[in-house]
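Input: a single structure, listed below in structure tokens.
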Amino acid sequence: MIKQFRVKTNTRTELVDITQAVQRMVAESGIRSGVCYVFVPHTTAGVTINENTDPNVGRDILKELNKVIPFDDNYGHNEGNSAAHIKSTLVGMSKSILVEEGRLALGTWQAIFFCEFDGPRERRVMVKVMKD
Ligand code: ZN
């Protein structure tokens with residue numbers, strides 16, 4: 001069974017720490033050992049895993065992504081959000097995280113981030129936990 005939750009973003013590009021929401025779904029699944037699959041069903045958003053202790057890490061990631069893929073660059077897509085589509089493809093829309101003893105087996109400094117590239121919007125994150 002697939003579970004999902006909503007993420008409300010407040011700015012054009014933003015990283016939102018969703019680790020606790022995903023962990024809650026792992027706990028609700030009752031699965032102690034397996035794999036947690038996180039999927040973002042959007043074409044202008046993504047999901048990544050990185051450090052959450054220093055908020056500058058997320059800021060730097062967005063800053064450099066915005067530099068490499070400018071918001072305006074004579075793109076052909078007439079919706080005006082090509083940069084968001086490209087960032088979504090680069091970052092990716094899914095992550096698999098191992099589950100051990102009922103918890104996400106993340107490293108000490110790792111957190112799961114929803115990546116908004118065309119906000120602000122209300123978004124969905126889908127989670128499936130599979131038993132091994
Ligand atoms: Zn578009």
Side-chain angles (χ1 to χ4, degrees):
M1 189 177 141
I2 296 169
K3 298 197 167 219
Q4 62 176 18
F5 60 91
R6 290 183 185 277
V7 176
K8 199 175 173 333
T9 60
N10 301 302
T11 54
R12 191 173 192 182
T13 60
E14 182 178 350
L15 297 189
V16 181
D17 188 340
I18 57 169
T19 312
Q20 292 314 311
V22 176
Q23 177 57 55
R24 202 157 36 243
M25 301 210 152
V26 171
E28 282 171 15
S29 76
I31 291 169
R32 304 289 300 163
S33 178
V35 177
C36 174
Y37 190 74
V38 180
F39 180 73
V40 168
H42 301 287
T43 60
T44 56
V47 62
T48 194
I49 295 176
N50 217 303
E51 178 178 332
N52 67 345
T53 308
D54 179 1
N56 283 320
V57 173
R59 285 187 203 120
D60 287 347
I61 290 169
L62 286 179
K63 183 179 143 207
E64 292 305 304
L65 278 174
N66 291 340
K67 197 191 289 178
V68 174
I69 305 141
F71 290 109
D72 300 302
D73 197 15
N74 292 316
Y75 298 118
H77 178 52
N78 63 15
E79 202 189 5
N81 62 355
S82 269
H85 288 292
I86 295 163
K87 287 169 196 162
S88 173
T89 280
L90 279 181
V91 167
M93 293 135 228
S94 66
K95 282 280 176 263
S96 303
I97 304 119
L98 300 181
V99 172
E100 288 175 351
E101 296 175 358
R103 297 199 56 83
L104 294 164
L106 291 166
T108 308
W109 307 104
Q110 286 183 317
I112 309 165
F113 288 96
F114 174 86
C115 307
E116 176 63 80
F117 297 126
D118 195 27
R121 291 182 191 231
E122 184 162 310
R123 303 290 206 168
R124 284 191 300 143
V125 177
M126 300 164 86
V127 176
K128 189 170 181 76
V129 187
M130 289 157 284
K131 197 176 183 314
D132 63 20

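Ligands are counted one by one from 1 in listed order, and the atoms in each one are counted from 1 as well.
- Within 6.0 Å of CG on N78 lie no more than 12 heavy atoms contributed by other residues, nucleotides or ligands.
- The side-chain tip of R12 points at the ring of F71 from less than 6.0 angstrom away and within 45° of straight on.
- Annotation for Y37 and S96: closest pair CD1-OG, 3.4 Å, computed over non-hydrogen atoms.
- Nearest heavy atoms, Q4 versus M25: O-CE, 3.5 Å.
- Contacts classified as side chain to side chain donor-acceptor pair (under 3.5 Å) and involving residues 47-60 (residues at least two apart or in different chains) are given here: D17-N52, D54-N56, N56-R59.
- The only option from E64, K87, H85 that meets the side chain to side chain contact (heavy atoms under 4.5 Å, CB included) definition with I69 turns out to be K87.
- Around the Zn ion (ligand 1), the protein contributes the following N, O or S atoms under 2.8 Å, ordered by chain and number: H77 NE2, E79 OE1, N81 OD1, H85 NE2.
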